[in-house]
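Below you'll find the structure, written out as C-alpha cells, and then a few comments.
Counting from 1, the numbers follow the sequence of the chain as shown. As the structure is a computational prediction, the values presented were derived from the model and not from experiment. In listed order, ligands and their atoms are each counted from 1.
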Amino acid sequence: MSETLFIKIINREIPADIVYEDDDCLCFRDINPQAPLHVLLIPKKPIQKVMDAAVEDQALLGHLMLKASEIARQEGHGDAFRLVINNGAGAGQTVFHLHIHILGGRPLSWPPG
Ligand code: AMP
C-alpha cells in the first residue's frame, strides 16, 4: 500500500504546522480549518481507521484521548472543544490514517452535518 499523506508528515517529507509531538503521536494544524482551533492528532502507528485498532492499541487510544484534551487546553479552549473521528469514506474520512479532529473556538452546533 502506498504511503499516506500523514505518514509523509510524520516523516517530514511534506511540511505541517506541528503543535505537539511525542514518541507515539503527532498533532498538526488542519490545512483547511473548519474552526479557529482545528488540529489533527494522529498516532505514529499507521492504523487506517479507528475500527482497525486492536486490543493491543488500547493504551495508544487512551494516550490520544488524554493528549487531545491537553492540546485543546494548551491552545486556549479548555472546556469547549469537540473531538471528531470519521471512520470510513461514508462518514467523511478522506485520509486513511486514524486521526482525531480537535475543533474549538466557535459555537459548535448539534447534530453535526
Ligand atoms: P478526514 O476527512 O476526517 O479524513 O480528515 C482529513 C483532514 O485532513 C481534512 O480536514 C483535511 O483538511 C486535512 N488535510 C489534508 N491534507 C492535509 C495536509 N497536508 N496538512 C494538514 N491537514 C491536511
Side-chain angles (χ1 to χ4, degrees):
M1 189 181 298
S2 64
E3 234 182 31
T4 65
L5 191 61
F6 291 173
I7 289 289
K8 290 188 172 119
I9 289 177
I10 291 168
N11 293 336
R12 308 302 202 267
E13 289 163 17
I14 61 172
D17 186 356
I18 292 169
V19 300
Y20 177 79
E21 180 170 25
D22 64 26
D23 288 346
D24 298 314
C25 66
L26 184 70
C27 185
F28 50 92
R29 296 196 192 282
D30 196 293
I31 205 167
N32 182 24
Q34 301 301 310
L37 171 66
H38 188 177
V39 295
L40 302 173
L41 178 59
I42 68 173
K44 290 187 174 174
K45 180 176 176 179
I47 299 167
Q48 288 187 22
K49 307 190 290 300
V50 70
M51 72 175 289
D52 297 325
V55 172
E56 72 203 36
D57 300 315
Q58 191 165 315
L60 176 60
L61 296 181
H63 180 67
L64 291 172
M65 294 300 285
L66 292 173
K67 283 298 160 192
S69 297
E70 216 176 282
I71 291 163
R73 195 177 317 118
Q74 171 191 305
E75 291 286 320
H77 304 278
D79 68 349
F81 60 90
R82 181 174 292 171
L83 306 182
V84 174
I85 299 174
N86 296 323
N87 186 94
Q93 186 174 6
T94 58
V95 180
F96 287 83
H97 182 123
L98 170 60
H99 50 283
I100 303 175
H101 295 259
I102 307 173
L103 297 146
R106 66 166 171 80
L108 295 164
S109 61
W110 194 262

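- Looking at N11, its side chain never comes within 3.5 Å of a backbone N or O of K8 through a donor-acceptor pair.
- When heavy-atom distances to ligand 1 are checked against a 4.0 Å cut-off, V84 has no atom that comes that close, whether in backbone or side chain.
- Not a single heavy atom of F96 lies less than 4.0 angstrom from ligand 1.
- Here H99 and H97 keep their ring centres 6.0 angstrom or further from each other.
- Residue contacts with ligand 1 leave out A16, since none of its heavy atoms falls under 4.0 Å from the ligand.
- Salt-bridge formation is not detected for the pair K67/E21: no Lys NZ or Arg NE/NH1/NH2 atom is positioned less than 4.0 Å from an Asp or Glu carboxylate oxygen.
- At least one N or O atom of H101, backbone or side chain, sits closer than 3.5 Å to an N or O atom of ligand 1.
- Residue N86 touches ligand 1 through its side chain alone, judged by heavy-atom distances below 4.0 Å.
- Residue L40 has no N or O atom closer than 3.5 Å to an N or O atom of ligand 1.
- With a 4.0 Å heavy-atom cut-off, ligand 1 is reached by the backbone of R29 but not by any atom from C-beta on.
- V50 forms part of a hydrophobic cluster together with V19, Y20, L37, V39, L41, I47, L60, L61, L64, M65, I71, F81, L83, I85, L98, I100, I102, judged by ILVMFWY side-chain heavy-atom separations under 4.5 Å.
- Considering backbone and side-chain N/O of F6, none are found under 3.5 Å from N/O of ligand 1.
- For ligand 1, one of its N or O atoms has an N or O atom of G92 under 3.5 Å away.
- Between atom 11 (C) of ligand 1 and the options N32, I100, D30, the minimum heavy-atom separation is to D30.
- For the ring-ring contact (aromatic ring centres under 6.0 Å, His included) test, residues two or more places apart in sequence or in another chain that qualify with F28 are F6.
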